[in-house]
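Notes for the one structure printed next.
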Amino acid sequence: MDLSSISPVLLLASLMVAATPILIAALGELVVERAGVLNLGIEGMMITGAICGFAVAVETGSPLLGFIAAAIGGALLSLLFVLLTQFALANQVASGLALTLFGLGLSALLGQKYVGVKPPPIAKLHIPVLSDIPFFGPVLFSHDIVVYLGLALVVAVWYMLKYTRAGLILRGVGENHDAAHALGYKVIRVRIMAITFGGACAGVGGAYISLIRVPQWTEGMTAGAGWIALALVVFASWKAGRVMLGAYLFGGVTVLQLNLQAAGVSIPVEYLSMSPYVITIIVLVIMSADKSRAPASLGRIFHATQ
Amino acid sequence: MKLTKLLTSAAPAFALALGLATSAMAQDKTKVGFIYVGPVGDGGWTFEHDKGRLEVEAHFGDKVETVYQESVPEGADAERAITQMALQGADLIFTTSFGYMEPTLSVAGKFPNVKFEHATGYKTSDNVSVYSARFYEGRAIQGHIAGSMTKSNVIGYIASFPIPEVIRGINSAYIHAKKVNPDVEFKVVWAFTWFDPAKEADAATALIEQGADVILQHTDSKAPQAAAEKAGGVITFGQASDMSEYAPLPRVSSIIDHWGPYYIARTQAVMDGTWSSVNTWDGIGAGMVGIGEISDAVPADVKASALALKAAIASGEYHPFTGPLNKQDGSAWLADGEVADDGTLAGMGFYVEGITGDIPN
């Protein structure tokens, strides 16, 4: 066993890379669920975002344009979900699963000519002075811009939900859509905006995997990250701060256990391998011992005449 | 909505969606089914099996119809997928991952008239054959190149599941790396997945950060290649498929699985009514294992000796597991000049002497 071979600086950097995709996707889903909609299609929107972002980044040479395209791609796919659940009033669970299957198939089709192509690299941020501080510089101030976008999004979502009028309306729609409707709020419109935001976030999360974390396009490459994001929202009791904690914990333990394995730590590999799931669940379940609960209208279909 | 309600409404929707994806068609020709563990576009393991399927189609034309289902999880759900394929009227079903062993046997018991072929397993029955390739022969060549080229003397190995096939690969690579470089050290990471590009890339990155300058992989995607390329100064080997997009660096060579001829022969046997349960295990010599072009990044002398090793293995003159070899705990395994028997290799569950760490259960 040789723990000295693990560099804390590199470890923390990899941790952020591993956590960012699920963080961004889970934040999007958090907003969607807070508006009372359960979209199980995150995986499908992520993988669609992954290929849209990858294709545009390759064609234009700009990873940033890629991320924008990924957001648009994810949002467009989520509009399909909007159509099914908000206008056709279809079952949200079935529609979400259909969205995942559709997204996986669509992305495989779109991605055929991008197999084996290398994406343009994204620049890492370099802030003079700050990035040069020993230890803290490399750990905190020299990542790609999307890592910071994810963190900024946590603050934005938390602030929006807790302190703004828009957040209050969104939560109202999610808690009791009939009451919100009676008060004159446009339930469907609010939900459409939330679902689209969720789709855009999932798309960016997916593109982070295909453009930065791996970086390449492979069919089905999100490999369940969308489901992890979904579970994270529930275990985080629909709170932005806890989603961040959960995502960093999950990403962190995933990377840490791989490093511990490589360093030859004498903990059985089976335990190391299950540790990301177990630790994340335990921590978040303990934290949710307070009175947090799901939005009351979650998964219920709204129609104004009912 | 309660979670239980959510799940009960989710299950039928999911089953319906999968059912539609593989809906049955009327048939009077030989129907050959394939169960894949990853997507056909994984660029590695499943990609090569699907290439084999396409070769069957090209060879038999109208006389054959092939069906496949991709990304079937190993375990209970595999039984459902295989059963469904048998119910659709498949005459011959190839199940192409180790974890399908028990599900295949179980379904085969219920469909005595359907022939089954299970890849990389070791349990046969009247209507279940097993087939595999001697990937460890290719691993020997990888180990030889890896040991010759490493500068840090640390070789990272991304393992999938602790099954004999994977353990054989690690042992074979280690023995041949050690032979050319006595200082070499292997760091093995168990990913516990066949296909998860993000995790595979993370594993490769973790190994590289801990000093590995060669990455060997036993997982199915090209993600470790991309991670190695991003890190720079690291060499890799294509796994299951050539992965030549990453040549000449980081990918310096590869193991290529070639299933087409076997699939054609077995389909022919079903058509002729001559199919019987067999245990096939072919290597470089028979063409089931190919060695991808060794790129120019490899020094000429190393390339020449690697090719000589390949020729010796192909002709049967040299066996990668030739004594003297001890097990990890120091107990004797093979005496000088003794060659491992197939039975021991097929069930291999131990490391050879020199590898550190434990094999998970």
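Keep in mind that this is a model prediction, so the values were computed, not measured. By convention in this document, chain letters (A, B, ...) are assigned in the order of the sequence lines, proteins followed by strands, and residues within each chain are numbered from 1.
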Report which part of [X] has an atom under 4.5 Å of a heavy atom belonging to chain B: side chain, backbone, both, or neither.
X: A:I209; answer: side chain
X: A:P215; answer: both
X: A:Q257; answer: side chain
X: A:S14; answer: side chain

Specify which of B:G156, B:A201, B:A206, B:A191 makes the most heavy-atom pairs with chain A at under 4.5 Å. B:A206
Picking from B:A203, B:A227, B:G357, B:A204, which has the most non-hydrogen pairs under 4.5 angstrom with chain A? B:A203
Side chain / backbone / both / neither for [X] at chain A, heavy atoms under 4.5 Å:
X: B:V154; result: neither
X: B:Q225; result: neither
X: B:V189; result: both
X: B:E200; result: neither
X: B:K230; result: side chain

Any chance you could measure [X], atom [atom1], to [Y], atom [atom2], to the nearest 0.5 Å?
X: B:D196; Y: A:M221; atom1: CG; atom2: CE; result: 9.5 Å
X: A:L272; Y: B:F192; atom1: CG; atom2: CZ; result: 9.5 Å
X: B:D202; Y: A:N259; atom1: CG; atom2: CG; result: 9.5 Å
X: B:I158; Y: A:L258; atom1: CD1; atom2: CG; result: 9.0 Å

Closest contact, heavy atoms only, [X] versus [Y]:
X: A:A223; Y: B:F195; value: CB-O, 4.1 Å
X: B:K199; Y: A:S273; value: NZ-OG, 4.4 Å
X: B:E209; Y: A:L11; value: OE1-N, 4.4 Å
X: B:V40; Y: A:E219; value: N-OE2, 3.8 Å
X: B:S221; Y: A:Q216; value: OG-OE1, 4.4 Å
X: B:A226; Y: A:V214; value: CB-O, 3.2 Å

Distance-only, no hydrogens or angles: does the A:K118 side chain make a donor-acceptor pair with backbone N or O of B:E245 under 3.5 Å? yes
Do side-chain atoms of A:Q261 reach the backbone of B:W190 as a donor and acceptor pair under 3.5 angstrom? yes
More than 12 heavy atoms of other residues, nucleotides or ligands under 6.0 Å from CD of B:E293: yes or no? no
